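Please read all numbers here as calculations on a predicted model, not as lab measurements. In what follows, every heavy atom counts, from backbone to side chain, and hydrogens, waters and symmetry copies are set aside.
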Amino acid sequence: MTQRLASKADSYLNRLCLEISNRRVGSEGNRAATGFFAEVASAYGFRVEAPEFRCIDWSEEGAHLTAGDETFEVHASPYSLGIRAEALLAVASTLGELEAVEAANRILLVRGEIAREQLMPVNFPFYNPEEHQRILGLLQARKPLAIVAATSRNPELAGAVYPFPLIEDGDFDIPSVYMTDEEGARLAAHAGRTASLDSRAQRIPSAGCNVVARKGTDAPQRVVFCAHIDAKRGTPGALDNAAGVVVLLLLAELLEGCEGRLGVELVALNGEDYYAAPGEISYLEQNRGKMGDIALNVNLDAPGHLQGNTHYSLYGCPDALASAIRGTLSGREGLVEGEEWYQGDHMVFVQNQVPALAITSERFMEIETTVAHTALDTPDLVDRAKLADVALALRDLLLALEALPGN
Ligand SMILES: [Zn+2]
């Protein structure tokens, strides 16, 4: 069984990561991926809906920055507007400097402690630290023509990408580019003199969708298995998170003939790696007043790493539910319970008082800090047999939940 499912996993993975070149929200590849998910789930007898949302895609044709007779390597911030400007250069590296700096109609270089982690988008509803809002508010109040962000290598806070874009936000309208902190130090020497920036980028109105595949009775109580189907620009997104989507597709097949008392939803959420989380917001809107009917959310994000075990963690599960989960999962080879983590779609459910189970790789932090969101996140990092084992375990978990009194 595992072997047959593993070869299915292989073909799904290749389809999502290799045949489809990129799954960023709003792109053609993203629509191909959601279409593929819908097609497979329907083939196994699921009723499929694909509620659409508006979003933007983005394209860029390079960026160029000079000051004096020096040239600097810069990249357009994802989802930024383009800009062509020649203006005086202002610099700020602390909140205090940002409050005081004269930056109106200038190019503003931001570096140091205010550029050490990516700023959450202005309209991001799930997690938004006050300090980030403060920095963004000050940037807007200073009214620079453009922002140049110099960011450091910071795998703990910024992940595997270096330099990382300080701003990745289609709702923030001051054009921006980013560079390494070494380039930033070189550029800072030109403070007060003229710099010239040319960044060719544009926002493109587009659309995307979640895919919600349902099975089972119309009983309101249901189990929601989800995985985010989108990926950042420029990554095949194999572990993050074609792997999770593949588990859902294997589960669709395993549940083909099964009609229990609990409703089942397999959801390809579309937006975990996109600045505005449109799929997550759309799911909450569609389920307003019905989140309380969800007996359990199971979120799959980056399972199946070649090395190490599969890791599961529980969030807000009442005792009977928790022991049903542990009773099913704890004895299985290669599955271990570990610490809670919060940077995934299960939090969308947990924040709405829905009990959740998150499944990832034991080496999650290593993935986050070395390959996630880069070109290195390729299918050869994924163990197909581990994905098959997770799908089999989740089928058994569903059967155990069916037997729970109260469900
Ligand atoms: Zn992910």
Could you check if a side-chain atom of [X] sits within less than 4.5 angstrom of a side-chain atom of [Y], using non-hydrogen atoms only?
| X | Y | value |
| --- | --- | --- |
| Asp345 | Val348 | yes |
| Asp301 | Asn299 | yes |
| Leu65 | Thr71 | no |
| Leu5 | Leu392 | yes |
| Arg106 | Leu89 | no |
| Pro355 | Tyr315 | no |
| Met291 | Leu284 | yes |
| Leu357 | Leu397 | yes |

With distance as the sole criterion, is a donor-acceptor pair present between the side chains of [X] and [Y] under 3.5 Å?
| X | Y | value |
| --- | --- | --- |
| His311 | Glu339 | no |
| Glu272 | His228 | yes |
| Ser206 | Arg31 | yes |
| Asn128 | Gln133 | yes |
| Ser93 | Glu97 | yes |
| His305 | Glu362 | no |
| Asn30 | Asn270 | yes |

Next item on the list: Check step by step if salt bridge (charged side-chain N to carboxylate O under 4.0 Å, His left out) holds for Arg24 and Asp230.
Entry: CA-CA 5 Å; Arg24 69 179 187 277; Asp230 63 308; over 6 Å; no

Notebook entry, point to check: Is there a side-chain hydrogen bond (donor to acceptor under 3.5 Å, both in side chains) between Gln118 and His132 once you walk through the steps?
Noted result: CA-CA 9 Å; Gln118 189 173 71; His132 292 195; over 6 Å; no

Pairwise distance [atom1]([X]) to [atom2]([Y]) - rounded to 0.5 angstrom:
| X | Y | atom1 | atom2 | value |
| --- | --- | --- | --- | --- |
| Leu254 | Leu399 | CG | CG | 10.0 Å |
| Arg15 | Phe37 | CZ | CZ | 13.5 Å |
| Thr151 | Arg116 | OG1 | CZ | 13.0 Å |
| Asp273 | Asn241 | CG | CG | 8.5 Å |
| His346 | Leu300 | NE2 | CG | 11.0 Å |
| Thr34 | Leu269 | OG1 | CG | 12.0 Å |

Relative to each other, are the rings of [X] and [Y] parallel, tilted or perpendicular (30° and 60° limits)?
| X | Y | answer |
| --- | --- | --- |
| Phe349 | Tyr283 | tilted |
| Trp58 | Tyr79 | tilted |
| Tyr178 | His75 | tilted |

For the residue pair [X] and [Y], what are the closest heavy atoms and their distance?
| X | Y | value |
| --- | --- | --- |
| Asn22 | Gly234 | ND2-N, 3.2 Å |
| His373 | Val161 | O-CG2, 3.8 Å |
| Ala63 | Val177 | CB-CG1, 4.2 Å |
| Gly82 | Pro175 | O-CG, 3.7 Å |
| Gly208 | Cys55 | N-SG, 3.9 Å |
| Ala195 | Ala67 | CB-CB, 4.2 Å |

Margin query: Out of the candidates Asp389, Thr2, Asp10, only one should pair with Arg384 under the side chain to side chain donor-acceptor pair (under 3.5 Å) rule; please name it.
Written below: Asp10

Notebook entry, point to check: Please walk me through it: do Asn309 and Leu335 pass side-chain contact (heavy atoms from CB on, under 4.5 Å)?
Noted result: CA-CA 6 Å; Asn309 291 308; Leu335 265 179; over 6 Å; no

In terms of side-chain geometry, is the basic nitrogen of [X] or [Y] positioned less than 4.0 Å from the acidic oxygen of its partner?
| X | Y | value |
| --- | --- | --- |
| Lys8 | Glu253 | yes |
| Glu256 | Lys215 | no |
| Arg134 | Glu99 | yes |
| Glu168 | Lys232 | yes |
| Arg111 | Asp181 | no |
| Asp396 | Arg332 | yes |

Check: What's the verdict on side-chain contact (heavy atoms from CB on, under 4.5 Å) for Leu314 and Glu337, showing C-alpha distance, side-chain angles and the deciding distance?
Finding: CA-CA 8 Å; Leu314 278 61; Glu337 182 169 355; 4.1 Å; yes

Note to self: Using salt bridge (charged side-chain N to carboxylate O under 4.0 Å, His left out), reason through Glu60 and Arg200 one step at a time and then give a plain yes or no.
What the structure shows: CA-CA 6 Å; Glu60 58 102 11; Arg200 289 160 200 211; over 6 Å; no

Check: Could you go step by step and tell me if Val223 and Asn297 meet the side-chain contact (heavy atoms from CB on, under 4.5 Å) rule?
Finding: CA-CA 6 Å; Val223 178; Asn297 162 246; over 6 Å; no

Notebook entry, point to check: For Asp380, does the CG atom have more than 12 heavy-atom neighbours from other residues, nucleotides or ligands under 6.0 Å away?
Noted result: yes

Item checked: side-chain contact (heavy atoms from CB on, under 4.5 Å) partner of Cys226, the single match among Val298, Val267, Asn210 -> Val267

Note to self: Applying the side-chain contact (heavy atoms from CB on, under 4.5 Å) criterion to Arg288, which one of Lys290, Glu285, Gln286 satisfies it?
What the structure shows: Glu285

Next item on the list: In sequence, state the C-alpha distance, the side-chain angles, and the governing distance for Phe46 and Leu266, and then conclude on side-chain contact (heavy atoms from CB on, under 4.5 Å).
Entry: CA-CA 9 Å; Phe46 281 76; Leu266 305 180; 3.7 Å; yes

Next item on the list: Answer yes if the ring centres of Phe124 and Phe126 are under 6.0 angstrom apart, and no otherwise.
Entry: yes

